[in-house]
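Below: one structure, written as C-alpha cells.
Throughout, protein chains are lettered first and strands after them, A, B, ... in sequence-line order, and every chain is numbered starting at 1.
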Number of protein chains: 2
Amino acid sequence: MTDDVRWLSPDQLEAWLDLAALMIRLPAALESQLQRDADLSQFEYFVLAHLSESPGREVRMSELAAMSNGSLSRLSHVVSRLERKGWVLRRPSAEDGRATMTWLTDAGLAKIVASAPGHVERVRDLVVDALTPEQLEALGAACRVVLDRIDARDGESCAGRPGPRPAGRSRGCGDEA
Amino acid sequence: MTDDVRWLSPDQLEAWLDLAALMIRLPAALESQLQRDADLSQFEYFVLAHLSESPGREVRMSELAAMSNGSLSRLSHVVSRLERKGWVLRRPSAEDGRATMTWLTDAGLAKIVASAPGHVERVRDLVVDALTPEQLEALGAACRVVLDRIDARDGESCAGRPGPRPAGRSRGCGDEA
DNA sequence: TAGCGTCAGTTGAAGCATCAAGTCCACATC
DNA sequence: GATGTGGACTTGATGCTTCAACTGACGCTA
C-alpha cells in the first residue's frame, strides 16, 4: 500500500537530518543568548528590531506580523506583553479604522539598541563568521528557494479551499537590505 | 558604548534574514501537514521514527532525547502522551536501574508506517526536490558547520562553569544514513 | 557498608503558542 | 442608507515546552 513512496537517498537523508537538527537547535541557541542577556524571546526581538527600523518607529500589526513570520494572534499577545513593559504603544490607525498601529517608545528603542550588539555578535559567531561568504550565499539562496516553495503551497491551499492561511505573507519583502 | 559592533553587511543580513525566516516557517509548514494528516507533532514523529529504526524498536530515554534534539523533560512528557495513546511502552532497563527504555508497540509501528510516506512526500516537495543535488549538499554542509559551532559553544559553557547544558548531545550521531 | 557526588528520569507549575470565536470597521451592492 | 461580506485585529481556552525541584539508582571512597 505504501510501496510507491520515493524514500530519501542516504545523501538526501543526511542533508535533511542536518537541516532538521539546525531548525531546532539554532533557534534554541539564539534564544538562550537573548533570554540570558536581554530577557527577550527571538520573536520579541524581531518585533522590536523591525519597529526600530521602520519610518516613524511605527508599523501596522498585520505588516509587523508578516515581517516577523508570525500569526496576527501571536503578535497581538506579544505586543500586549511588550506594551505592559512600556516598550510599545498601540493606537488605531488614522487612515483605516480596522488597522492598529504599533509604535516603539523611547524605552523600547533603548531596549533594542542595548540588546542588538550581543545578538548580532551571537549570530556572527554561530552562523555568519562560521561560514565562508560563498557558503553563506549558498545557504541564503537555498533558503529562498524553500521559502518560495512554501509560499507557493500556501497559495495553492488558499485557492483550493476557503480555509484560512497560516500567516499568509506574500514574500514581497526582498527590500530589507 | 555600542560602537565597535561589527554589524552585518547587506548581503550577510539578507542571507541571515532568509535563514531566520526558514527556521520559523519550514517547521510550521511541516507541522501543519503532520498535524492534518496524522495528528502528530514533528517531535512526536521524530520519536516514533527513531524508535522504529532502532534494534528491538527500543531506545533509552536519554539517547532518544539526543537523537530527537530535545530535552529529557520534554521527551518524558511526550512519551507519556504517546504511552496514553498506546504507541509506546516504558520499562526500566535491565542493565542500568536508572535508565528507562522506551519500546514501540505494534500500534505505534503501524502509526509511523502510515504517517511516514506523507511526511517524506512533504519534505521532498518543500526541500529535497526543490533544490538541485548540489544545492542540497551545500545546504547540508552549511548546517553541519553551524551545528558543530553550536556544540562547541555548548561545550565551552560547560567547561567554564558547572551550570547545566541545554540538551547536551555530543553530535556523535553522524551514522544515521 | 555507609556516605557522597553524579546520573537518569519524572513531575508540577508557569509561560508561551495556537486555535476558535467574537468584535468592530470598511467597502460593495442593492 | 441598509444590508451583507470580508478584513483586521483581540480575547479566552487549551495544549505543549521549559524550568526548577525532586526521587532513586549507580559508583567511588573510606
Distances under 3.5 Å between nitrogen or oxygen atoms of protein and nucleotides 2-5 of chain C:
none

Spacing between [X] atom [atom1] and [N] atom [atom2], to the nearest angstrom:
| X | N | atom1 | atom2 | result |
| --- | --- | --- | --- | --- |
| A:Leu64 | D:dT10 | CG | P | 11 Å |
| A:Phe43 | C:dC16 | CZ | P | 13 Å |
| B:Leu75 | C:dT10 | CG | P | 8 Å |
| B:Glu31 | C:dT18 | CD | P | 9 Å |
| B:Ile24 | C:dA17 | CD1 | P | 11 Å |
| A:Asp39 | C:dG15 | CG | C1' | 12 Å |
| B:Leu40 | D:dG15 | CG | P | 16 Å |
| B:Arg91 | C:dT10 | CZ | P | 13 Å |

Any N/O pairs under 3.5 Å between the protein and nucleotides 19-22 of chain C? List them or say none.
{"unit_1": "C:dC19", "atom_1": "N4", "unit_2": "A:Ser73", "atom_2": "OG", "d": "2.7"}

Hey, are the side chains of [X] and [Y] touching, using non-hydrogen atoms and a 4.5 Å cut-off?
| X | Y | value |
| --- | --- | --- |
| B:Asp39 | B:Lys85 | yes |
| A:Ser115 | A:Lys111 | yes |
| B:Asp11 | A:Glu137 | no |
| B:Ser62 | B:Arg98 | no |
| B:Val79 | B:Thr100 | no |

**Shared hydrophobic cluster for A:Val120 and A:Leu131 (ILVMFWY, side-chain gaps under 4.5 Å)** =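 Result: yes, single cluster for both.
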Would you say the side-chain atoms of [X] pair up with the backbone N or O of [Y], donor to acceptor, closer than 3.5 Å?
| X | Y | result |
| --- | --- | --- |
| B:Arg144 | A:Ala15 | no |
| A:Arg149 | B:Val127 | no |
| B:Arg124 | A:Arg6 | yes |

**Heavy-atom closest contact (A:Val47 atom, A:Leu64 atom, distance)** =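 In this case the closest contact between A:Val47 and A:Leu64 is CG1-CD2, 3.9 Å.
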**Request:** Considering non-hydrogen atoms only, spot the tightest contact between A:Ile24 and B:Asn69 and give its length.
**Result:**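 Here A:Ile24 and B:Asn69 meet closest at CG2-O, 3.5 Å.
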**Item:** Lys/Arg-Asp/Glu bridge criterion (N-O < 4.0 Å) met for B:Asp37, B:Arg122
**Value:**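 No, no charged N to carboxylate O under 4.0 Å.
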**Request:** With heavy atoms under 4.0 Å as the rule, sort B:Ser62 into base, sugar-phosphate or nothing.
**Result:**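 Counting heavy atoms under 4.0 Å across all strands, the contact made by B:Ser62 is with sugar-phosphate only.
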**Message:** Applying a 4.0 Å non-hydrogen cut-off, can you work out what B:Thr100 is touching in the nucleic acid: base, sugar-phosphate, or nothing?
**Reply:**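 B:Thr100: backbone/sugar contact only, no base atoms under 4.0 Å.
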**Message:** For B:Arg60 and A:Ser41, find the nucleotide of DNA chain C closest to each by heavy atoms; which residue's nucleotide sits nearer the 5' end?
**Reply:**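 Residue closer to the 5' terminus by nearest nucleotide: B:Arg60.
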**Along DNA chain D (nearest heavy atom to each residue), the more 5'-positioned of B:Arg81 and A:Arg90** =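 Nearer the 5' end of the strand: A:Arg90.
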Could you go through nucleotides 23-26 of chain D and list every protein N or O atom that sits under 3.5 Å from one of its N or O atoms, giving the distance for each pair?
{"unit_1": "D:dC26", "atom_1": "OP1", "unit_2": "B:Gly97", "atom_2": "N", "d": "2.8"}

